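Below you'll find the structure, written out as structure tokens, and then a few comments.
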Amino acid sequence: MKFGGTSVGDVAAFERVCGIVANQLDRKPVVVTSAMTKVTDALLAAFEMARRDRLEDAVASLEPHFERHVEITEAFFPSDAENVFHNELRLARQEIKDLLTRAARRSLPLQMLKDAIVSYGEQLSSRLLAEALKSKGIRARTVDSRRLIVTDDEFGAAQPIIDETNELVKIELTPLIEDGEVPVLGGFIAANRGGETTTLGRGGSDYSAAIVAAALGAAELQIWTDVTGVMTCDPRVCSDAATVPVLSYEEAAELAYFGAKVLHPKTIKPAVDSAIPVRVCNTSEPELTGTMVLADSGEVPNKIKSIAHKSNISILRITSARMLGAYGFMSAVFQVFDRHRTVIDVISTSEVSVALTLDKPDNIDKVVEDLSRIGEVEVEGGYAVICVVGEGLRASTGLAAKIFNTISDVHVELVSHGASAVNLTFVVRESDAAAVIGKLHKAFFSEKVNAKSESCDLTK
Ligand code: ADP
Ligand code: ASP
Ligand code: MG
């Protein structure tokens with residue numbers, strides 16, 4: 001059972017989580033929690049302040065967040081004698097201050113310090129949640145994820161070493177579970193082989209939960225969040241989005257990758273590999289089933305399931321007539337992206353040119369410099385990727401035509417279809433994206449929703 005940041009955001013949320021876990025004790029749950037909402041952002045901001053020699057501001061900026069933890073302790077352990085968390089918090093404050101001081105002095109590699117600092121969000125929330133569960137009579141026990149999840153040294157986006165992790169998860173957690181205890185782990189955080197703290201990337205708690213579920217061969221992975229499952233569209237964008245009851249792994253993976261934040265893109269993999277069903281449900285509406293993600297959701301002709309989008313996209317085009325009829329062009333292009341560790345989202349090719357999209361073009365200048373040796377390069381920002389997902393795309397003819405007819409007044413820059421049979425992905429100008437999503441949502445989900453979906457808001 002993985003609880004996201006808003007699910008452990010305040011006293012009422014902690015109460016709800018305790019109720020949800022208590023209801024499923026007979027299923028022998030393992031709990032994985034995110035940091036309390038906004039805490040990860042605050043720790044990252046404090047790190048940046050410290051690095052820019054604003055140490056005092058950095059330390060002070062965290063105080064309101066420590067206070068939010070104190071509020072939980074006061075609600076769950078009204079008497080000071082029971083309050084074992086006070087000491088933890090005092091120590092954490094001191095340790096974070098030391099780490100921020102080191103960041104200001106640059107006395108350790110900064111990426112390493114950043115992960116050490118940001119890990120306190122989940123270290124604190126997991127200890128606090130275990131104590132809250134105990135206060136309700138549940139035999140909970142914090143287990144430090146950094147002893148279980150072993151990763152490489154890629155601070156900030158570490159990759160788990162799966163064999164070693166599986167072994168440790170089983171050794172550490174199985175005896176507790178068999179003994180009727182509920183292990184409570186912080187998501188997102190891990191350690192490399194040298195024992196230094198690493199993190200799995202933003203939103204990575206889902207991934208931690210999937211890794212643990214796979215290692216234990218869990219019957220189900222439950223992702224508890226602030227929406228009722230995966231919806232027909234981000235509900236912050238279209239207010240009348242509806243829950244999708246069943247998704248296939250393939251559909252969920254495409255949606256997650258193309259911007260549906262509700263599932264971390266990597267979550268799907270360990271669950272797919274171990275054939276574990278994933279359920280996405282709402283902490284505020286625990287009685288609703290939410291979305292089940294299953295190996296196979298069944299094809300429904302002419303139906304799409306959901307629309308995802310990613311903003312802030314740049315299109316890069318590379319053209320080289322020299323390559324006409326010659327092999328090795330693609331290989332040369334991809335080697336450049338490989339060398340600069342740059343991720344490509346959507347790609348479309350012709351004989352002499354390639355167009356592709358990039359979502360974090362940090363080192364774009366270097367990529368362009370290297371690509372310029374192969375051909376003429378053009379980069380343009382201000383685009384959005386729209387991804388329409390559904391097994392129905394595999395099962396029906398004419399669905400793509402219906403999609404493009406619906407938005408026939410919009411200029412489509414790039415289209416990709418066929419690599420995965422369940423998605424149709426295209427790129428439009430960022431300024432057109434809200435209207436495109438609104439029209440598609442209305443055209444494909446109008447039986448469930450009312451016509452007001454035509455106006456969507458991408459600013460939320
Ligand atoms: P948590 O903190 O629980 O991990 P996230 O903020 O990572 O939660 O993910 C939940 C959010 O994902 C929702 O509040 C919603 O705005 C967003 N989201 C984006 N696309 C979708 C979608 N298709 N269905 C449901 N939620 C979505
Ligand atoms: N707390 C981390 C983040 O905000 C991980 C997570 O919530 O999944 O990115
Ligand atoms: Mg999340």
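Note that ligands are numbered from 1 as they come in the structure, with each ligand's atoms numbered from 1 the same way. Being a predicted model, the structure only gives us computed values, none of them experimental. In this chain, residues are counted from 1 in sequence order.
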Between K2 and ligand 1, is there a nitrogen or oxygen pair with a distance under 3.5 Å? yes
Specify the protein heavy atom at minimum distance from atom 11 (C) of ligand 1: its residue, its atom name, and the distance to 0.1 Å. D226 OD1, 4.0 Å
Could you list which atoms of ligand 1 come closer than 4.0 Å to a heavy atom of G5? 2 (O)
Taking only Lys NZ, Arg NE, NH1 and NH2, and the carboxylate oxygens of Asp or Glu, determine whether R202 and D41 approach each other closer than 4.0 Å. yes
Using non-hydrogen atoms of the residue, decide whether G4 is closer than 4.0 angstrom to ligand 2. no
Among all protein non-hydrogen atoms, which one is nearest to atom 6 (C) of ligand 2, and what is the separation to 0.1 Å? S205 OG, 3.3 Å
Identify the protein heavy atom lying closest to atom 1 (P) of ligand 1, giving its residue, its atom name and the separation to 0.1 Å. T225 OG1, 3.6 Å
Would you please determine whether G229 falls within less than 4.0 Å of ligand 1 on a heavy-atom basis? yes
Does ligand 1 have an atom under 4.0 Å from some heavy atom of P235? yes
Sole residue of L247, L424, V422, T425 in side chain to side chain contact (heavy atoms under 4.5 Å, CB included) with E254: V422
Can you measure from CD1 (I344) to OG1 (T357) and round to the nearest 0.5 angstrom? 8.5 Å
Pair R90-Q94, side chain to side chain donor-acceptor pair (under 3.5 Å): steps then yes or no: CA-CA 6 Å; R90 201 175 42 77; Q94 191 52 51; over 6 Å; no
Step-by-step side chain to side chain donor-acceptor pair (under 3.5 Å) determination, R146 to T197: CA-CA 7 Å; R146 295 171 301 171; T197 301; 3.1 Å; yes
Any atoms of ligand 1 less than 4.0 Å from a non-hydrogen atom of R236? List them with their elements. 14 (O), 16 (O)
Numbered in order shown, the ligand 1 atoms found under 4.0 Å of a heavy atom of V230 are 24 (N)
Is G203 close to ligand 2, meaning an N/O of one under 3.5 Å from an N/O of the other? yes
Is the closest heavy-atom distance from S7 to ligand 1 below 4.0 Å? no
Looking only at heavy atoms of G204, does any of them come nearer than 4.0 Å to an atom of ligand 2? yes
To the nearest 0.5 Å, tell me how far T291 OG1 sits from N282 CG. 10.5 Å
What atoms of ligand 2 come within less than 4.0 Å of a heavy atom belonging to S34? 6 (C), 7 (O), 8 (O)
Nearest protein heavy atom to atom 12 (O) of ligand 1, by residue and atom, and its distance? V262 N, 3.3 Å
Inspect the surroundings of CD in E56 and state if more than 12 heavy atoms from other residues, nucleotides or ligands are less than 6.0 Å away. no
Do F85 and F76 have ring centroids that are under 6.0 Å from one another? no
Taking distance alone, with no angle check, do D206 and ligand 1 share an N/O pair under 3.5 Å? no
Evaluate D234 for polar contact with ligand 1, using N/O atom pairs at a separation under 3.5 Å. yes
N192: which of D153, T151, T198 passes side-chain hydrogen bond (donor to acceptor under 3.5 Å, both in side chains): D153
Lys/Arg-Asp/Glu bridge criterion (N-O < 4.0 Å) met for K439, D432: no
If you measure from CG on L216 to CG on L221, what distance do you get to the nearest 0.5 Å? 11.5 Å
Say you draw a straight line from NE2 of H69 to CE of M36; how long is it, rounded to the nearest 0.5 Å? 5.0 Å
How far is atom 6 (O) of ligand 1 from its nearest protein heavy atom, and which residue and atom is that? K261 NZ, 3.0 Å
Can you figure out which of E122, R202, K2 has its heavy atom closest to atom 1 (N) of ligand 2? E122
Atom 22 (C) of ligand 1 [closest protein heavy-atom partner, distance rounded to 0.1 Å]: M231 N, 3.7 Å
